[in-house]
Amino acid sequence: MPDCSTAAYPKPDRKSPTLRPPSPADLVIVVERRRDFRWPDPGGRVMTAGAYVAATTGRPRRVINLCRHADYLSAGYYASLLAEARGDRVIPALRTLADFAGKADLADAVADLNAGLVNLPPPPPGLTRHTAAVYFGRTPEPGLAPGLADVAARLFQRLDCPLMRLTLAHDDRAGWRIDGVAPLGPDAVPRDHDAFFLDALDAYVRRRWQCPRGPAAPSFTLAVLHDPDDSLPPSKAATLSHLARVGADLGVRVEVIGRRDYRHLARFDGLFIRETTAVPHHTFRFARKAEALGIPVVDDATSILRCTNKVYLAEALAAHGVATPRTRLVTRATLADLAATQGFPAVLKVPDGAFSRGVERVMDIDAFHRVAARLLARSEIILAQEYLPTAFDWRVGVLGGEVLFVAQYHMCPRHWQIVRHGADGSHDEGATRAVAVADTPPAVLAAALTAARLMGTGLYGVDLKQMVTGPRAGEVVVIEVNDNPNLDVGAEDRAAGSLLWRRVIGHFLTAAGRAPLPGSTSLSPADLPLAERAALARTAAVRAAVA
C-alpha cells in the first residue's frame, strides 16, 4: 500500500487558501500519499491510507476518501471498505467505487441528467467535447450555463464521489450529453482551483448526512438470476423449479434469467440472485440496477460489497466485539513482523475468495512467507487467521434478521476444508446435515444473528465453529458471513421444510409492500404446523436476547 508512513505535514503557506475547521470535529480526510493534499491542514485531519488502515477504531467519524487510486482492492478501495466496516460515514461509498468500475453501466445510470444540459451553448466550431471538474457537487465553470451547475450537484447526489471529471459530448442533433464520469485525486486539482476546491470542501462538511432511498415497487414478478454452467451454484436448477411452484402458490411468478437479461430487468418487480456474487462481476451490476429501479433484490449491492471482502468482515466483527479466530491484516509492509509472531498452523486468505478458493493453510514460517507473497500480488491486504480444526462448521441462514435454516457442513474426507478443489478443475464436498432450530445451541444462534445484523437485512449464511475440546470448549466463533448462501431442496431445507421456501417468497412480497393473493398459502404463524411455529418462536426469542 503506497505511503504507509505518517510523514510530517508541510508548513502552512500563509498566502494559500486554508482548510477552515469544519463541524463536526471528527472529520478525517484520507489520501494515498501525504503530499497529495498540498493545502494547509491546521486541524490535523489529513492522514494517509496506510495510517487509516492501522488506526484503532473508536467513535464513528466522517471520512472523505481522496485517494488517487480507488479501483478494486486498491488503497482507496480499502479506505472506503474499512470505513464502512468500522461504522464511519464515508464518501465515496463502496458501491460508488464499484459503479466507476462498470463504466458502460455508469453512463446508462446517469443518462437521465442529460436533460439538464439543454441550455448549454454549443461548443466553438471544430470542438465536440468539453471537460469540467466537479468538487463536492460544485463546478468552477458555472458561467457556461446554470444547467451545468445543477447537473454537477445532481451528479454528486447520485454518486457521492468528492472529486470527479465530467466529460460532455455534443452533436448537432441531440445537443450535449454526458459521455463519461471519472473520479479524480486531489493531485489533479489545478492550482488556480485552490480557493474554489477548499470552499466546496468547507461547504460540504457542514451539510447533514443524507442517504436517498429508491421508490417501492407497485407490483411483483420475481426474476431469479442463474448461471446453468456454474459448477458450484448456490441453488441448483431443480431447486429453482421448486421455488417457482412455491411462488405460484403465493401469487408470485418466478422466472429464471441469465446475464444477457440485464437490459430487461425493468420488467421485473424483484430480483433473487442465485449466482456466486463478486464485486467486479455482472451479479453486482444486476444488484445495483435493481436498486436503481427501486425493486427488492437479494443479494443487495451493499451486502455483496461487505460479505465478499473478508477484510471488511474482520474489521466489522472485531469492532462490534463478535468472537472470531484471531485475525490479523497483512500488507507487504507488515509481512515480516507478523510472520515472526504468527502461530502455526495458520490460514491465509485473500479478501474475496469463495467456496474455499483463495484460502490456504500454512504449517510454518517459510510457507507463510511464500504463500503470503503470492496472495499479496492479488490484493493490497490479505488476512492471517489462526487455524481452528473442527469436524464441521455450523451454517446459520439468516433472512431479514430471522433464522431461516441451520445446517452442519462437514469437512471433505481427508481434507481440512468443506470443499476440496482438484488441479483439473474438479471438486469434492463434505456432507451437509440440516439441523432444527430447536436443536441448535443458543450460543450459535445468537452469534449468527449478531454477525448477520452487521451486514444488513438480506440473506446471509453465517459460518461458525464451536470448540469441543481443550480450554476453549464450548466457545463459538464466527468464521465469516456469506452474502449468497447455498439453498437447495433436500439439503438446507431438510429440517425447516416448506416453511423455508415460503419465507423466501414472503421476504420479497414484504419488501415490495405486497401480500399473498387471496386463496394462496398463508404465511401467518397461526396457520403453520406446530413444529414450524415452535421454530419461529425459538428464533424470535434468541433474536430478542441479542437485540
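Contact record, Leu449 with Gly401: CD2-O, 3.6 Å, taken as the closest heavy-atom pair. Minimum heavy-atom separation, Phe286 to Asp261: CZ-C, 4.0 Å. Across every non-hydrogen atom of Val478 and Val481, the tightest pair is CG1-CG2, 4.5 Å.
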Derivation and outcome, side chain to side chain contact (heavy atoms under 4.5 Å, CB included), residues His281 and Arg259: CA-CA 10 Å; His281 193 251; Arg259 63 184 302 173; 5.7 Å; no
Trace of the side chain to side chain contact (heavy atoms under 4.5 Å, CB included) decision for Leu82 with Val53: CA-CA 7 Å; Leu82 290 174; Val53 168; 3.5 Å; yes
Trp394 vs Val476, side chain to side chain contact (heavy atoms under 4.5 Å, CB included): CA-CA, chis, key distance, verdict: CA-CA 10 Å; Trp394 287 98; Val476 175; over 6 Å; no
Audit row: Leu487, Asp493, side chain to side chain contact (heavy atoms under 4.5 Å, CB included) steps and yes/no: CA-CA 7 Å; Leu487 282 179; Asp493 73 341; over 6 Å; no
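For Phe272, the ring pair (Phe, Tyr, Trp, His ring centres under 6.0 Å) partners are Phe508, not counting sequence neighbours. By the side-chain contact (heavy atoms from CB on, under 4.5 Å) test, Arg61 is found to be paired with Asp26, Val28, Tyr52, Asp88, residues two or more places apart in sequence or in another chain being considered. Scanning for ring pair (Phe, Tyr, Trp, His ring centres under 6.0 Å) contacts around His242 gives Trp501, with sequence neighbours left out. For Arg267, the side-chain contact (heavy atoms from CB on, under 4.5 Å) partners are Glu255, His264, not counting sequence neighbours. Taking Thr457 as the reference, nothing meets the side-chain contact (heavy atoms from CB on, under 4.5 Å) condition, with sequence neighbours excluded.
Taking a cutoff of 4.0 Å between a charged side-chain nitrogen and a carboxylate oxygen, Glu475 and Lys465 do not qualify as a salt bridge. Classification of Arg288 and Asp99 as a salt-bridged pair holds, one side-chain N sitting under 4.0 Å from a carboxylate O. A salt bridge links Arg374 with Glu360: the closest approach of a Lys/Arg side-chain nitrogen to an acidic carboxylate oxygen falls below 4.0 angstrom.
Put simply, the side chain of Leu459 does not reach to within 4.5 Å of the side chain of Val398, judged on heavy atoms. Contact check for Arg274 versus Leu240: side-chain heavy atoms found under the 4.5 Å cut-off. Within the 4.5 Å cutoff, the side chain of Gln408 has no heavy atoms near those of the Asp393 side chain. Contact of the Ile257 side chain with the Leu271 side chain is registered, since non-hydrogen atoms from C-beta on lie closer than 4.5 Å. For the pair Ser498/Val246, no side-chain contact is recorded, criterion being any heavy-atom separation below 4.5 Å from C-beta on. Side-chain contact check for Arg306 versus Asp483: every heavy-atom pair is 4.5 Å or farther apart. By the 4.5 Å heavy-atom criterion applied to side chains, Met467 and Thr390 are counted as neighbours. Under the 4.5 Å side-chain criterion, counting only non-hydrogen atoms from C-beta, Val90 is not in contact with Val30.
No side-chain donor-acceptor contact under 3.5 Å links Gln466 to the backbone of Val477. When atom types are taken as modelled, the side chain of Thr331 and the backbone of Ile381 share no donor-acceptor pair closer than 3.5 angstrom. Judged by distance alone, with hydrogens and angles left aside, the side-chain atoms of Asn482 form no donor-acceptor pair with the main-chain N or O of Asn484 at under 3.5 Å.
Within 6.0 Å of NZ in Lys236 there are 12 or fewer heavy atoms belonging to other residues, nucleotides or ligands.
Less than 6.0 angstrom separates the ring centroid of Tyr72 from the ring centroid of Tyr77.
Counted by atom type alone, Thr327 and Gln385 present one or more donor-acceptor pairs between their side chains at under 3.5 Å. Side-chain contact of Asp488 with Ser235: a donor-acceptor pair under 3.5 Å is absent, judged by distance alone. Judged by distance alone, the side chains of Asp299 and Thr277 never bring a donor and an acceptor atom under 3.5 Å apart. In summary, the side chains of Glu492 and Tyr409 do present a donor paired with an acceptor at a separation below 3.5 Å, with no hydrogens or angles considered. Side-chain contact, Arg285 with Tyr262: no donor N or O sits under 3.5 Å from an acceptor N or O.
Within the model, atoms CG of Leu232 and CD of Glu275 stand 13.0 Å from one another, a figure rounded to the nearest 0.5 Å.
With Ile273 as the fixed residue, the side chain to side chain contact (heavy atoms under 4.5 Å, CB included) test singles out one of Asp300, Val298, Val297: Val297. The only member of Val359, Leu73, Leu375 that meets side chain to side chain contact (heavy atoms under 4.5 Å, CB included) when paired with Val350 is Leu375.
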Table please: side-chain donor-acceptor pairs of residues 341-348 below 3.5 Å, with sequence neighbours left out.
residue, atom, partner, partner atom, Å
Thr341, OG1, Arg328, NH1, 2.8
Thr341, OG1, Arg328, NH2, 3.4
Thr341, OG1, Asp337, O, 3.4
Thr341, OG1, Leu338, O, 3.3
Gln342, OE1, Arg328, NH2, 3.0

